[in-house]
Amino acid sequence: MRHRIVCLFGLLATLLAAAACRGPNVPAEAAGSAGVFVIRNGTVIDGTGAEPISDGIVIIQGERIVGVGREADIAVPSGAQIIDAEGGTILPGIIDSHVHTTWSPEVRRRFLELGVTSVCDLGSPIERMDDFEQDTWNGKAVARGFRAGPIVTAPGGLPDAVLHEGLNYEVGTSEEARRGVADLVGRGADVIKVYLQRTADNKPYPMLDEAVLKAIVEEAHAHGVMVRAHVTKLDLLPIALDCGVDIVEHVPKPDLSEDGIMRELQGSDDPLADLFHLVVVAEYDTLLPRMARQGVVMVPTLAIGLGRWYGSQEATPGQRVLADGAVEIVRRFHSAGGVIALGTDYNTGGKGLRPDMFLREIQLLHAAGLTPMEVIEAATNQAARVCGHGEDLGTIEVGKLADILIVDGNPVADLGALERVVIVVKGGKVAHGIPEEE
């Protein structure tokens, strides 16, 4: 598609100014104001789950949205710049709500060029927290960088007990937990990340106890921030729920290895069908609905986890069982009314990891039963919420920051359209794919 910015002058501007009063979502002061531009001639998917708006229009003043709706119902302010979507889809910027080591603005520029307008880093050294404030690289806009800073964990606990990358913020008592949370929030943490895992490579490690975890949650909530918990084992999910965490990262699964699963299913005529007697155990029938009732959001990170084997012809039978189990757990959580947000667990420098991992995550969420519209919500509205910025981002609504994509195609009919990003708008400015001026 060939997009154009056109300035409206002369008679057209005069006529539109006269008609400006018919735009119910556009403040009167926007008409004729500098710094106003309009995206038109596309279908608007606003990220709220509402029906798409055909012949849609979005009006932006400064860095925020001041109007959205059908073009026939909204007046275009005089003198506005126009971006013609040329029949494409206008939707909120994608948000990858679970990444690591993205403090570099160069890395976040690569995200932005793919249509990811925000990332949320859930594990970085404390001395890197200020780096997320950098919003340009070589004069170009980059994806917004939200952060948790270091991960709150027990003294000597994971992940740094294994990684040794300066990622731990260790607390051993409730008092230390409260001081630690206050310190991280004071340093700009958008969310608090905790680590609930007792073993790695079959070795035991210290883990936060329940009293300390409850103190973390209480203090975080007192500061108006959410707590996101690394939970990969099913037996630790009740602890997270009892202590009131807001978001569960990854898919909590039974503590079974690939070999263990295959031993259990030995002799089965159809191990993939019998999976549901083993991996999707009875506990899920209680815990997943409870999670949904408590409003705890899941960020499955399937693309880097077990789901990476889903549908793979190269996967072993055991890997296929594990992959199907992970996707089925997400499906059951979704069916129970659970809210899902998109995150990939991308790690800069990780082998085989790329900023476009979110495209695979989108496919896997769809495989887990989310409709294309629900997938879009997970990647925009819900992802903004779990980053702690749902009031400003994630939907195309009046008052929100104008982080907007134009894609070639209709992602409701074909999620692959999200790969065809033509223009990225961040904070009311065209940040990538600058259209040809006329």
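Quantities reported herein were computed from a predicted structural model and do not represent experimental measurements. Sequence positions, counted from 1, serve as the residue numbers for this chain. Values reported hereafter were calculated over all heavy atoms of this structure, with side chains retained and with hydrogens, waters and symmetry mates removed.
Rounded to the nearest 0.5 angstrom, Leu405 CG and Leu91 CG are separated by 5.0 Å. Between Glu133 atom CD and Arg144 atom CZ the span is 11.5 Å, to the nearest 0.5 Å. In this structure, Glu419 CD and Asp408 CG are separated by 12.0 Å, a value rounded to the nearest 0.5 Å. To the nearest 0.5 Å, atom CG of residue Asn347 and atom OG1 of residue Thr101 are 4.0 Å apart. The line from NE2 of His100 to OG1 of Thr344 is 8.5 Å long, rounded to the nearest 0.5 Å. Going from atom CD1 of Ile57 over to atom CD1 of Ile83 covers 12.0 Å, rounded to the nearest 0.5 Å.
Within the 4.5 Å cutoff, the side chain of Leu342 has no heavy atoms near those of the Ile95 side chain. Two residues are said to be in side-chain contact when any heavy atoms from C-beta on lie closer than 4.5 Å; Ile74 and Val68 fail this criterion. Between Val225 and Leu184 there is no side-chain heavy-atom pair separated by less than 4.5 Å. You'll find the side chain of Val299 reaches within 4.5 Å of the side chain of His98, heavy atoms only. Looking at Asp403 and Ser118, their side chains come closer than 4.5 Å, going by heavy atoms from C-beta outward. Put simply, the side chain of Gln81 does not reach to within 4.5 Å of the side chain of Val38, judged on heavy atoms.
Exactly one of Val231, Leu306, Leu237 qualifies for a side-chain contact (heavy atoms from CB on, under 4.5 Å) with Lys253. That residue is Leu306. If you run side-chain contact (heavy atoms from CB on, under 4.5 Å) between Cys120 and each of Val191, Val386, Val99, only Val191 comes through.
Other residues, nucleotides and ligands contribute at most 12 non-hydrogen atoms within 6.0 Å of the CG atom of Asp55.
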Item to check | Steps toward salt bridge (Lys or Arg N to Asp or Glu O under 4.0 Å) verdict (Asp131, Arg147) | outcome: CA-CA 10 Å; Asp131 294 353; Arg147 74 286 204 192; over 6 Å; no
Checklist entry - How far apart are the C-alpha atoms of Arg109 and Glu106, what are their side-chain angles, what is the distance that settles it, and do they pass the salt bridge (Lys or Arg N to Asp or Glu O under 4.0 Å) test? => result CA-CA 5 Å; Arg109 173 65 191 180; Glu106 181 180 0; over 6 Å; no
Next on the checklist: Arg331 vs Glu328, test: salt bridge (Lys or Arg N to Asp or Glu O under 4.0 Å). Steps then yes/no.
Outcome noted: CA-CA 5 Å; Arg331 179 182 292 112; Glu328 177 64 17; 2.5 Å; yes
Item to check | Full working for salt bridge (Lys or Arg N to Asp or Glu O under 4.0 Å) between Arg179 and Asp183 | outcome: CA-CA 6 Å; Arg179 288 197 300 268; Asp183 180 35; over 6 Å; no
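Residues meeting the side-chain contact (heavy atoms from CB on, under 4.5 Å) test with Asp135, sequence neighbours left out: Lys426.
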Sequence neighbours excluded and cut-off under 3.5 Å, please list the side-chain donor-acceptor pairs for residues 209-217, or say none.
residue, atom, partner, partner atom, Å
Asp209, OD1, Ala211, N, 3.2
Asp209, OD1, Val212, N, 2.9

Under 3.5 Å, which donor-acceptor pairs link side chains of residues 239-247 to any protein atom two or more places apart or in another chain?
residue, atom, partner, partner atom, Å
Asp242, OD1, Arg290, NH1, 3.3
Asp242, OD1, Arg290, NH2, 2.6
Asp246, OD1, His221, NE2, 3.2
Asp246, OD2, His221, NE2, 2.8
Asp246, OD2, Val227, N, 2.8

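Listed by first and then second residue, the salt bridge (Lys or Arg N to Asp or Glu O under 4.0 Å) pairs involving residues 217-230 are Arg178-Glu218, Arg178-Glu219, Arg228-Glu249 (not counting sequence neighbours). Pairs engaging residues 337-359 under the salt bridge (Lys or Arg N to Asp or Glu O under 4.0 Å) rule: Arg354-Asp356 [sequence neighbours left out]. For residues 341-381, the ring-ring contact (aromatic ring centres under 6.0 Å, His included) pairs, not counting sequence neighbours, are Phe111-Tyr346.
Here the shortest heavy-atom pairing between Ala189 and Met129 reads N-CE, 3.8 Å. Annotation for Thr117 and Val425: closest pair CG2-O, 4.2 Å, computed over non-hydrogen atoms. Contact between Ala85 and Ile39 at its shortest, heavy atoms only, is CB-CG2, 4.5 Å. Taking all atoms of both residues into account, the shortest heavy-atom contact from Leu288 to Ile329 is CD1-O, 3.7 Å. Taking both residues in full, the closest heavy atoms of Gln134 and Pro105 are given as OE1-CG, 3.4 Å, listed atom of the first, atom of the second, then distance. In plain terms, the two heavy atoms of Leu112 and His432 that are nearest each other are CD2-CB, 3.8 Å.
Looking only at atom types and distance, the side chain of Asn168 has no donor-acceptor partner in the side chain of Tyr195 under 3.5 Å away. If you check the side chains of Thr102 and Asp121, you find a donor sitting under 3.5 Å from an acceptor. Side-chain contact annotation: His250 with Thr232, donor-acceptor N/O pair under 3.5 Å absent. In the model, Asn381 has no side-chain atom that pairs as donor or acceptor with a side-chain atom of Thr395 under 3.5 Å.
Relative orientation of the Phe132 and Trp103 rings is perpendicular, given thresholds of 30° and 60° on the angle between their planes.
Side-chain N or O atoms of Arg128 include none that pairs as donor or acceptor with a backbone N or O of Pro125 at under 3.5 Å.
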